[in-house]
Amino acid sequence: MISVSNLAKSFGPQTLFEDVSFQLNPGNRYGLVGANGSGKSTFLKMLSGEELPSEGTISMPKRLRLGVLEQDHFRYEEVPILNVVMMGRKELWQAMEEKDKLLEHADVEFDGERYAELEDLILQQDGYTLEARAGEVLEGLGIPTESHPLPLSTLSGGFKLRVLLAQVLAADPDCLLLDEPTNHLDILSIRWLEVFLSEYAGLAVVISHDHRFLDNVCTHIVDVDYQTILTYPGNYQAFLKAKVAERTRKEAEIGKREKQIAEHKAFIDRFKAKATKARQAQSKAKKMEKLVIERLPTSSRRYPTFRFDACRPSGKQVLEIKGLSKAYDDKQVLEDVSLTVNRGDRIAIIGPNGIGKSTLLKILVGEVEKDAGEAEWGYETHPGYFAQDHASFFEGGKTSVEGWLWDICPGEEIGFVRGRLGLVLFSGDEAKKQLGSLSGGEAARLVFARLGVEKPNVLLLDEPTNHLDLEAIEALVAGLKAFDGTLILVSHDRWFVSQLADRVVEITPTGINAFQGTYDEYVERCGDDHLDVENAVLKARRDKRKGKGRVVSPGDEKQLQRQRNRLVKRRDGLTKDIEEAEKRVDSINEMFCNPGFFDKTPEPEVRKLEKEQKELSNRVEELMTSWEEVEEELNQLTAEAVG
C-alpha cells in the first residue's frame, strides 16, 4: 500500500496540486490521467522518489520493490538484449554475475562460503527461471528469440524502449510505475501488455493516452485536475461519467446558493427602509452572510479545435495502387500491394510494426521510391501528409511558431494566422515559441494547424495520436469526422480507428486483406482484432462447437477418438518428464544446501551440477509449454465431440 498525505507540488508561482490525500492499494491498476503539463509525470516521479514534494508525504513499505520504466537506453547499448532485461532484478543479477566470476576463477581461488550464500540468494529469488521469464516478456513485446543474444544497439529506437519496458515487467516488482508504456508498441504488443497487467498481482500506476487501453486495464482512475488529485473507481469511461456528474452537482449547488443570495438581496433592497419589515430584512442579511460560495477552480484540461476544410472535391477515384513493392536491403516490407481508394473513403491501415504501413504512406507522398508497381493519384486530388516524425517539417528550429505558419500562407493577415494558432492552443506568448523548443504534442498540433490552412482534400495520417493527450485526441476525432474529404490513416490506437474508419486494410507478409466496414465490424467479422487475441480464440472455438449444424458421422467419431488417445498419451508422457526433471532439480538443490558441500566437492563437479540444474530448469519451462498446448488441443477435441 502507498499512502499519500497532504501532498502538494509547486514550481515557483505555479501550483500543480495541493492538499492531496488518498491510498493506492495492491491488486489495483490505476490509470493516471490529466492534461499535458498538469503534473501527471511529476506525480509519478514523486512516487518513485525521483521528485520531492513541496509539502506532505508519500509513505510506502521499506521493502516495497518499485518497477519504474526508464527512457535512457544509451547506458545499455553494448549489452545483450536478454541481459538488459534480466538486469531489472538488480540484486539477483549482481548475485548471478558474482557467482559466475567465482566459478571462472575457481582454479586459482574458490570461496565456497560466499558461493553458498549467492546460491541461496539465487534460489530464494527464483533466479533459475529469470532467463526464461525475460525471454517470454521480450517475445510478448514483439522481439523474437533470435534477437535476444544481440547487443541492444542493433535495435531501432522504438524497439530499444520495448526492451526497457521488458526490463521492468520481467523483474516482477511489487509496484509498477509506467509512463506511456504503449508508445512504440503495435497492436499485438499492446494487447499482450493489457493481458500481462490484468493478471499482475501487484500495484500498478500507468500514464496513458490510449482510451481503450485505460478501459481494458484500469480498476481505478487517478485524475490530476483543478489543482488537486482525485481517485475514481472503475475504468476510463466510468471515470468520465462520474467526473461530469460530480462537476454538474457542484455547479448546481453553487447555482442554488447564488439564487438564494439573489432572493435575500432583493428582499433586503425592497424592504430595508420599511420599519415593519426591518427585522426581517436584518434576518435575511444574516442568512445571506452565511451562504458562502466557493468558486470552482478552472480545469487544466484544454481542448484544441482542429478544422480541416477541403479546397474542392476530388475526382471519384482518388488513388489507384497496383503491384506496389518495396524492400530495404534484404528486408521486404511491401510486396505486390494493390488498392483502390474512392472519394470519401476513410481507410485505416493496420498491421504489426515493421510490416510497411509507414513506408506505404511515404511512397504515396513521394518521400520514398518504390521498387516496383504503380501509385497514381486521381483527378484534382490534393494530398496533405502528417508524418510520424515531425522533424522534417521543422528543420533549423529557429523560426517562431507564428512565423512558420505565416510562411505557409503569406497572403493572409497576421490576424488570420493568430486565429488559426489560437484554435490549436497557441495564444499570446505561446505563438512566439521557437520551433526547437516545442514538445511532441505542441509540434503535432502545429502540423495539424498547417494542414487546416493548406486545405487538402485527401489526408494521409501516420500515427497522428502518438504525442497527443486524451483531450487533443478527442478533438482530433471531432475535426476528422467533420472533414468531407478522403482519409487514409495508420494508427495503433484502436479507439481512434474505431471512431473514424469505414474501411480496414490489413497489411500482412503475404499481401493485404481489405474489409469494407468499420473497425468494430471488421473485428466481429474476422475475429482477428490484433488486440483481443483471446476473443478471437474463443470465437474460433465457438464456431467449431457450432459446427454449422453438421452431424458427426461414426467415421468422424473414430477419428476424433484416435486423436484424443494420441494426445492423452502425449500429455501423460510430458507429465512424467516434468515430474522427473523437477525431482532431479530438487535433488541438486538439496545437495547445494548440505553444510560443507562446496568445500568437499571438486570445482569441476560443482560446475557440472550447476549446468545440469540450469538446463533442467529451462527444460521444465519448455515441457510445461508443450503440456499446455496438448491440454488445449484436448479441450478443443472435447468441444467438437460435444458440438
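Values below: all heavy atoms of this structure, side chains included; hydrogens, waters and symmetry mates excluded.
The aromatic rings of Phe43 and Phe17 sit perpendicular to each other, their planes meeting at more than 60°, with 30° as the lower class boundary. Ring planes of Phe239 and Tyr236: tilted class, angle from 30 to 60°.
Closest non-hydrogen pair, Asn466 versus Asn183, comes out as O-OD1, 4.1 Å. Of all heavy-atom pairs spanning Val79 and Met87, the tightest one is CG1-SD, 3.9 Å. Considering every non-hydrogen atom in both Leu334 and Ile507, the closest pair reads CD2-CD1, 4.2 Å. A pairwise comparison of heavy atoms in Pro173 and Leu66 identifies CB-C, 3.9 Å as the closest pair. Leu24 and Tyr30 make their closest contact through CA-OH, 3.5 Å (heavy atoms, listed as atom of the first residue, atom of the second, distance). Contact record, Glu442 with Ser439: OE1-N, 2.9 Å, taken as the closest heavy-atom pair.
Of the possible polar contacts, none joining the Thr228 side chain to the Val224 backbone as a donor-acceptor pair under 3.5 Å is found. Of the possible donor and acceptor atoms, one in the side chain of Ser21 sits under 3.5 Å from a partner among the backbone N and O of Asn6. Not a single donor-acceptor pair under 3.5 Å links the side chain of Thr182 to the backbone N or O of Ile190. Remark: side-chain polar atoms of Glu136 are not paired, donor with acceptor, to backbone N or O of Leu138 under 3.5 angstrom. Distance alone, capped at 3.5 Å, is enough to place a donor-acceptor pair between the His209 side chain and the Leu468 backbone. Using a distance-only test at 3.5 Å, with no hydrogens or angles considered, no donor-acceptor pair links the side chain of Glu77 to the main chain of Pro151. Between the side chain of Glu55 and the backbone N or O of Leu7, no donor-acceptor pair lies under 3.5 Å. Within the 3.5 Å criterion, the main-chain N or O of Thr219 finds no donor-acceptor partner in the side chain of Arg29. Without hydrogens or angle criteria, Asp329 side chain to Lys331 main chain gives no donor-acceptor distance under 3.5 Å.
For Tyr232 and His220, the gap between ring centers reaches or exceeds 6.0 Å.
For the 3.5 Å distance criterion, the side chains of Asp572 and Thr575 fail to qualify, holding no donor opposite an acceptor.
In this structure, Arg162 and Ile143 have side chains that are in contact, with non-hydrogen atoms separated by less than 4.5 Å. In this structure, Asp223 and Ile229 have side chains that are not in contact, with every pair of non-hydrogen atoms separated by 4.5 Å or more. Looking at heavy atoms from C-beta onward, Asp215 lies out of side-chain contact with Glu194 at the 4.5 angstrom threshold. At least one side-chain heavy atom of Glu582 sits under 4.5 Å from a side-chain heavy atom of Val620. A 4.5 Å side-chain heavy-atom check between Pro149 and Pro80 finds every atom pair outside the cut-off. A heavy-atom distance below 4.5 Å is found between the side chains of Leu141 and Val137. Counting only heavy atoms from C-beta outward, the side chains of Tyr76 and Leu164 approach each other to under 4.5 Å. With contacts defined as side-chain heavy-atom distances shorter than 4.5 Å, the pair Ile207/Leu178 does not qualify.
Taking CG of Asp389 as the reference point, atom OG of Ser358 lies at 10.5 Å (rounded to 0.5 Å). With rounding to the nearest 0.5 Å, the separation of CG in Leu92 from CG in Leu130 is 5.5 Å. Atom OG of residue Ser491 and atom CD1 of residue Ile350 lie 10.5 Å apart, to the nearest 0.5 angstrom. The distance from atom OG of Ser587 to atom CD of Glu612, rounded to the nearest 0.5 Å, is 8.5 Å. The structure places CG of Leu161 at 9.5 Å from CG of Leu185, a figure rounded to the nearest 0.5 Å. Between Leu121 atom CG and Met96 atom CE the span is 11.0 Å, to the nearest 0.5 Å.
Residues satisfying the salt bridge (charged side-chain N to carboxylate O under 4.0 Å, His left out) test with Asp371, not counting sequence neighbours, are Lys326.
Shown here is Glu139, whose CD atom has more than 12 heavy atoms of other residues, nucleotides or ligands within 6.0 Å. The number of heavy-atom neighbours closer than 6.0 Å to CD of Glu605, taken from other residues, nucleotides and ligands shown, is above 12.
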> Does the side chain to side chain contact (heavy atoms under 4.5 Å, CB included) test come out yes or no for Leu193 and Leu165, once each step is laid out?
Replying inline: CA-CA 10 Å; Leu193 180 60; Leu165 176 58; 4.3 Å; yes
>> With side chain to side chain contact (heavy atoms under 4.5 Å, CB included) as the criterion, how do Leu32 and Leu44 come out once you've worked through the C-alpha distance, each side chain's angles and the decisive distance to 0.1 Å?
In response: CA-CA 9 Å; Leu32 185 56; Leu44 205 66; 4.2 Å; yes
>> Run Glu98 and Lys101 through salt bridge (charged side-chain N to carboxylate O under 4.0 Å, His left out) and show every step you take.
In response: CA-CA 5 Å; Glu98 186 179 349; Lys101 287 180 181 178; over 6 Å; no
>> The test is side chain to side chain contact (heavy atoms under 4.5 Å, CB included); show your working for Leu64 and Ile2 and say whether it passes.
In response: CA-CA 9 Å; Leu64 186 75; Ile2 297 177; 4.2 Å; yes
>> Quick one, Asn25 with Asn28, criterion side chain to side chain contact (heavy atoms under 4.5 Å, CB included). Give me CA distance, side-chain angles, the key distance, then yes/no.
In response: CA-CA 6 Å; Asn25 297 314; Asn28 291 336; 3.8 Å; yes
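The pair Lys576-Glu579 fails the salt-bridge criterion, with no side-chain N (NZ, NE, NH1 or NH2) lying under 4.0 Å from an Asp/Glu carboxylate O.
Legend: salt bridge (charged side-chain N to carboxylate O under 4.0 Å, His left out) pairs involving residues 168-185, not counting sequence neighbours: none detected.
Annotation: cation-pi pair Lys9/Phe11 present, NZ/CZ under 6.0 Å from the ring centroid and within 45° of its normal.
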